[in-house]
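The figures here come from the full heavy-atom set of this structure, side chains too, leaving out hydrogens, waters and symmetry mates. All values derive from a computational prediction rather than experimental measurement. Order of the sequence lines sets the chain letters (A, B, ...), proteins ahead of strands, with each chain counted from 1.
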2 protein chains.
Amino acid sequence: MDIVEISKVLSNKTRVNILKWLKNPEANFPSHQDIDHFDDGVCVGYIQDKTGLSQSTISTYLNSMQNADLVIPTRHGKWTYYKRNEQVIKAYVESLKHDL
Amino acid sequence: MDIVEISKVLSNKTRVNILKWLKNPEANFPSHQDIDHFDDGVCVGYIQDKTGLSQSTISTYLNSMQNADLVIPTRHGKWTYYKRNEQVIKAYVESLKHDL
DNA sequence: AAAACATATCTATATATTTAGATATATAAA
DNA sequence: TTTATATATCTAAATATATAGATATGTTTT
């Protein structure tokens, strides 16, 4: 739980948006083709489409978010799904509340 | 209350430390020469000494923190005192709690 | 009014972040 | 087992941030 590292992730509008969108995938993304739920989050392609940024940029963003433990990736066939790590997000906010 | 702008401030260890130190000036800084309280916060020089960074760097940091509304400056003679803006800090944490 | 002091701003350099194109890798489909 | 698809990594260029020295500004003191 590194406040500085997580704050770096949050210091970019697109990454903040991704986290917000993943809070409610049904409302923000199309359904997946292979599975009928969002239990493991949303695939990279959908996130890329929604942001309008390049595939490599989004992959890099998701990687930085994963390094900060803010999201959890799950591989399903050729897709990688990303979901929020609610525990860490909650711990970060609590940490700010107490320490900051 | 701009989440991205505030997160940028918090994405640097020194700036986070400054905010933490200002939470309890009595414990973290020497007494001021001209006044016997910390009601308006701490002067730039003391903050600079504590960080060990250059005067211009600290001035730039404090300016960015002020632009993000995280601190409030007050001029007392030739000194500028900086104190936390508790309202904005609280609003930011609440905002993360609800929106993030 | 001059000198001294605290802080802010300017200028410049080093490092980091942003972003995308090209390429590599992993999996699925034909 | 070749081809197509999804994602990750590499490379590079543009922009932003970090940092300090030099200079400017505002205030106090002499």
Side-chain angles (χ1 to χ4, degrees), chain A residues 2 4-19 22 25 29-35 38 40-68 70-83, chain B residues 2-19 22 29-35 38 40-68 70-83:
Chain A
D2 182 340
V4 168
E5 193 183 2
I6 291 183
S7 296
K8 278 184 188 171
V9 169
L10 300 183
S11 69
N12 175 290
K13 185 72 179 155
T14 299
R15 289 188 299 253
V16 170
N17 281 337
I18 292 172
L19 280 177
L22 289 179
F29 298 98
S31 306
H32 285 121
Q33 300 181 325
D34 59 333
I35 48 178
F38 289 102
D40 291 318
V42 179
C43 70
V44 178
Y46 285 179
I47 296 173
Q48 188 206 328
D49 289 347
K50 183 119 183 158
T51 61
L53 293 174
S54 76
Q55 186 267 320
S56 68
T57 298
I58 295 307
S59 187
T60 303
Y61 279 8
L62 289 170
N63 187 255
S64 74
M65 294 165 80
Q66 180 190 339
N67 285 338
L70 287 169
V71 294
I72 301 168
T74 309
R75 187 105 196 195
H76 277 242
K78 53 181 172 178
W79 292 278
T80 306
Y81 294 78
Y82 283 89
K83 69 176 171 189
Chain B
D2 183 340
I3 286 190
V4 169
E5 193 182 3
I6 292 182
S7 296
K8 278 183 189 173
V9 169
L10 301 183
S11 67
N12 175 288
K13 184 70 179 155
T14 299
R15 289 189 299 253
V16 170
N17 281 339
I18 292 172
L19 280 177
L22 289 180
F29 298 98
S31 308
H32 285 122
Q33 299 181 325
D34 58 335
I35 48 177
F38 289 102
D40 292 318
V42 178
C43 70
V44 178
Y46 285 179
I47 296 172
Q48 188 206 330
D49 289 347
K50 183 119 181 159
T51 60
L53 293 173
S54 77
Q55 186 267 319
S56 69
T57 298
I58 294 308
S59 187
T60 301
Y61 279 9
L62 289 170
N63 188 255
S64 73
M65 294 164 81
Q66 180 190 339
N67 285 338
L70 287 169
V71 294
I72 300 168
T74 308
R75 186 106 195 194
H76 277 242
K78 55 182 171 178
W79 292 278
T80 306
Y81 294 78
Y82 283 90
K83 69 176 170 188

Check your understanding: Okay, side chain of A/R15, backbone of A/N17: is any donor-acceptor separation there less than 3.5 Å?
Key -> no

Practice item. Figure out the CG/P separation between A/D34 and D/dT7, and round it to whole Å. Key: 10 Å

Review point. In Å, rounded to the nearest 0.5 Å, how long is the span from CD1 of B/I18 to CG of B/N12?
Key: 8.0 Å

Review point. Rounded to whole angstroms, how far apart are CD on A/Q48 and C1' on D/dA8?
Key: 13 Å

Point to revise | Rounded distance (Å) that lies between atom P of D/dA8 and atom CG of A/N67 | key: 12 Å

Practice item. For nucleotides 20-30 of chain D, just jot down a letter per nucleotide in 5' to 3' order: B, S or -, based on protein non-hydrogen atoms under 4.0 Å. Key: BBB----SS--

Practice item. Compare all side-chain heavy atoms of B/V42 with those of B/L22 and state whether any distance is below 4.5 angstrom. Key: yes

Check your understanding: Are A/T57 and A/S54 linked by a side-chain donor-acceptor pair shorter than 3.5 Å?
Key -> yes

Review point. Do B/K83 and B/F38 meet the cation-pi criteria used here (NZ or CZ under 6.0 Å from the six-membered ring centre, within 45° of the axis)?
Key: no

Point to revise | Whole-Å distance separating the CD1 atom of B/I35 from the C1' atom of C/dA6 | key: 14 Å

Review point. Who passes side chain to side chain contact (heavy atoms under 4.5 Å, CB included) against A/P73, sequence neighbours left out?
Key: A/Q66, A/T80, A/Y82

Review point. Quick one: is B/Y82 getting a side-chain N or O under 4.0 Å of the C/dA8 phosphate, OP1 or OP2?
Key: yes

**Study point:** Side-chain donor or acceptor of B/S11 paired with backbone N/O of B/K8 under 3.5 Å
**Key:** yes

Point to revise | Rounded interatomic separation in angstrom, taking OH from A/Y46 and P from D/dT5 | key: 15 Å

Exercise for review: Mind calculating the distance between CD1 (A/I18) and P (C/dT18) to the nearest angstrom?
Suggested key: 12 Å

Review point. Just how far, in rounded Å, is P of D/dT9 from CG of A/L62?
Key: 12 Å

Review point. Which one of A/I72, A/T74, A/I35 satisfies the side chain to side chain contact (heavy atoms under 4.5 Å, CB included) criterion with A/D40?
Key: A/T74

Listed pairs, N/O of protein and of nucleotides 14-17 of chain C, under 3.5 Å:
unit_1: C/dT17; atom_1: OP1; unit_2: A/K8; atom_2: NZ; d: 3.4

Exercise for review: Report yes if the side chains of B/Y81 and B/H32 come closer than 4.5 Å at any heavy-atom pair, otherwise no.
Suggested key: yes

